[in-house]
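Notes follow once the structure below has been shown.
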There are 2 protein chains.
Amino acid sequence: MAQQSEAVHRAPLNRERVLSAAVVLADEAGVDSLSMRKLAQELGVVPMALYKHVANKEELLDGMVDVIVGEIDTRPAGSGWRSEVRQRVLSARAVLLRHPWAHRVLESRTNKTPVVLDYMDSVIGMFRAGGFSVDLTHHVMHALGSRMWGFTQELFDDSQSAPADVPPEMLQMMAARYPHIAEMAMAGAHDDGSVVGLGCDDQFEFEFALDLLLDGFERLHQQGWTSARR
Amino acid sequence: MAQQSEAVHRAPLNRERVLSAAVVLADEAGVDSLSMRKLAQELGVVPMALYKHVANKEELLDGMVDVIVGEIDTRPAGSGWRSEVRQRVLSARAVLLRHPWAHRVLESRTNKTPVVLDYMDSVIGMFRAGGFSVDLTHHVMHALGSRMWGFTQELFDDSQSAPADVPPEMLQMMAARYPHIAEMAMAGAHDDGSVVGLGCDDQFEFEFALDLLLDGFERLHQQGWTSARR
DNA sequence: CTTGACAAGTGTACGCCGTACACCTAGTTT
DNA sequence: AAACTAGGTGTACGGCGTACACTTGTCAAG
């Protein structure tokens, strides 16, 4: 009947609830501290109960990726391959920024789920619809690489210790040992003379690189590139 | 004296031996199965002995990165920023290919060691020596991203299940569902009619993208790019 | 109404992991 | 001779993923 026994009657777990709870947990506490046990606890359930809905932790992570990829806005937008691709990649980026753990998980997956394949297929389709040859599309997809998901490995991430909390003599030493890094870090310094390094706008950098690549793609395409080898 | 007590007298552990043993172990068994315990066993020592030489596993991984980065050939080569950068990046790639686990570790490090900073500083220096403005160098380094280490996230890695071992009807279904991926996979098919997909030369793809980026950098530099913002 | 199948959740247990902490043991310094 | 110290040991703890045997609630077939 409607009422269950005296044990707290909760909505009966299912794969979807498990996955979205996992996503929430990862959002809140980081993916490293996401364990089957904690997830179970969050869901008010014993750890082994999860295994009725996901085969193992690998599959849980796969499912979480699917959830994230499902959030990407894939509604057709823009006209012409270039603006379509650009729009799509920036949509993906918006999602990835909401789930900072997701790009690490995405990277680590080796088996692609249907959802992921769908996404890739649709991006490839944009180039093909734009008249790119199969070969050029192939190379261009490789060149995009992880940027098709809206991220790239950040090498100097902005979280690079706010210079404020580093003692000045330390900065002096750093500047002596790594002159070029220091120079670059200082480039954004304002007129107030304070050492406010790395005023680095990630979004700008991302779009800068993306547009550089798209420029290159466009140039190759326009000059009728077909194949450089064989 | 020279001879120790009857316990097997082995060379006295040190940081260097620990790190290179860890690298060997990761090369052989993959970085995922590298544990402090296995490493200790490999060195004929009790797990806790390692902690006299590395603070914890994080620092072990940092040290392993240092070992790998130290293998990169940094002897000056080529003339002009472009060939220097190109050469350097390809050297890094050669090392990363010898240690397939390394790029995942490299990605995951957040704290940069002096060795890593040295490497980055020297790459930045190449652009600066080539006359790039500080600003342009900054953007260009971001655009290079992980490619400065000779890798990029591979999205369709060649290990994508050799088509031979997949039943044909499965391939049919895949082709129907992911038409663009299938088309691309078939592009390399030989004349023998067999479905031999993804004859994908990773090295070619890497250099293709690298050169595309370098082209872009060169173009911006030549047209006297200084700053697009502010 | 019984029965048996089945899906969902439970409880216990195992082997692995990183590492804190107290200890031992040589060799070196004082 | 005494104190110090660097390097290696042994034990133990809490956390992890998950195998496996179990109970329990639901429902269709006899």
Side-chain angles (χ1 to χ4, degrees), chain A residues 1-23 25-26 28-65 101 104-105 108-111, chain B residues 1-23 25-26 28-65 101 104-105 108-111:
Chain A
M1 282 296 161
Q3 91 226 9
Q4 252 112 322
S5 67
E6 65 218 47
V8 265
H9 68 72
R10 39 180 145 66
L13 230 45
N14 59 36
R15 190 162 206 275
E16 199 178 332
R17 291 221 310 134
V18 169
L19 294 183
S20 54
V23 167
L25 213 68
E28 288 170 354
V31 73
D32 288 331
S33 75
L34 168 67
S35 68
M36 298 300 275
R37 296 168 124 101
K38 281 190 197 148
L39 177 56
Q41 186 171 2
E42 199 70 16
L43 288 162
V45 115
V46 91
M48 287 311 291
L50 301 176
Y51 288 84
K52 292 289 198 268
H53 305 281
V54 295
N56 49 43
K57 193 175 183 183
E58 286 285 284
E59 201 190 282
L60 176 74
L61 292 171
D62 281 344
M64 292 169 68
V65 165
W101 51 271
R104 295 220 286 121
V105 177
S108 68
R109 302 296 78 201
T110 59
N111 281 340
Chain B
M1 280 295 164
Q3 92 225 6
Q4 252 112 322
S5 68
E6 67 217 47
V8 265
H9 69 76
R10 40 181 144 63
L13 231 45
N14 59 36
R15 190 161 207 274
E16 198 179 333
R17 291 219 314 132
V18 169
L19 294 184
S20 53
V23 167
L25 213 69
E28 288 170 354
V31 73
D32 288 330
S33 75
L34 168 68
S35 67
M36 298 299 275
R37 297 170 122 100
K38 281 191 198 148
L39 178 55
Q41 186 172 359
E42 198 71 16
L43 289 163
V45 114
V46 92
M48 288 310 293
L50 300 176
Y51 288 85
K52 293 288 200 255
H53 304 282
V54 295
N56 49 42
K57 193 174 183 185
E58 286 285 284
E59 200 190 283
L60 176 75
L61 291 171
D62 281 343
M64 292 169 68
V65 166
W101 50 270
R104 293 219 286 120
V105 178
S108 68
R109 301 295 81 201
T110 57
N111 280 341

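All chains are named by letter (A, B, ...) in the order of the sequence lines, taking the proteins before the strands, and each is independently numbered beginning at 1.
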Spacing between [X] atom [atom1] and [N] atom [atom2], to the nearest angstrom:
{"X": "A/Gln41", "N": "C/dT10", "atom1": "CD", "atom2": "C1'", "value": "16 Å"}
{"X": "B/Tyr51", "N": "C/dA20", "atom1": "OH", "atom2": "C1'", "value": "10 Å"}
{"X": "B/Leu34", "N": "C/dG18", "atom1": "CG", "atom2": "C1'", "value": "12 Å"}
{"X": "B/Leu39", "N": "C/dC17", "atom1": "CG", "atom2": "C1'", "value": "14 Å"}
{"X": "A/Arg15", "N": "C/dA7", "atom1": "CZ", "atom2": "C1'", "value": "17 Å"}
{"X": "B/Glu59", "N": "C/dT19", "atom1": "CD", "atom2": "P", "value": "11 Å"}
{"X": "A/Asp32", "N": "C/dG18", "atom1": "CG", "atom2": "P", "value": "14 Å"}
{"X": "A/Leu50", "N": "D/dC16", "atom1": "CG", "atom2": "C1'", "value": "14 Å"}

For the side chain of [X], starting at C-beta, report the closest nucleotide among [options].
{"X": "B/Lys57", "options": "D/dG8, D/dC16, C/dT19", "value": "C/dT19"}
{"X": "B/Ala49", "options": "C/dT10, D/dG8, D/dT18", "value": "D/dG8"}
{"X": "B/Ser35", "options": "D/dG7, C/dG18, D/dC16", "value": "C/dG18"}
{"X": "A/Lys52", "options": "C/dT19, D/dG17, C/dA8", "value": "C/dA8"}
{"X": "B/Val45", "options": "D/dA19, C/dG9, D/dT9", "value": "D/dT9"}

Where each residue is assigned the nucleotide of DNA chain D containing its nearest heavy atom, which of B/Met48 and A/Ser33 is assigned the position nearer the 5′ end?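 Result of the comparison: B/Met48.
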
What pairs meet the salt bridge (charged side-chain N to carboxylate O under 4.0 Å, His left out) rule with one or both residues in residues 29-38 of chain B, with sequence neighbours excluded?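 Passing the test, one end in residues 29-38 of chain B: B/Asp32-B/Arg104.
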
Please report the shortest heavy-atom distance between [X] and [Y], naming the atom on each side.
{"X": "B/Lys57", "Y": "B/Ser35", "answer": "NZ-CA, 4.3 Å"}
{"X": "B/Leu60", "Y": "B/Ala22", "answer": "CD1-CB, 4.0 Å"}
{"X": "A/Leu50", "Y": "A/Leu43", "answer": "CD2-CD1, 3.9 Å"}
{"X": "B/Glu59", "Y": "B/Val54", "answer": "OE2-CA, 3.6 Å"}

Looking for any heavy atom pair under 4.0 Å, which part of the strands does A/Met36 touch: base, sugar-phosphate only, or nothing?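 Here A/Met36 touches the backbone only, sparing every base.
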
Could a donor-acceptor pair under 3.5 angstrom be found where the side chain of A/Arg37 meets the base of D/dG15?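 Side chain to base: no pair below 3.5 Å.
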
Give a yes/no answer on whether the side chain of B/His53 brings an N or O atom under 4.0 Å of OP1 or OP2 in D/dA6.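 Checking D/dA6 against B/His53, no side-chain N or O comes under 4.0 Å of OP1 or OP2.
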
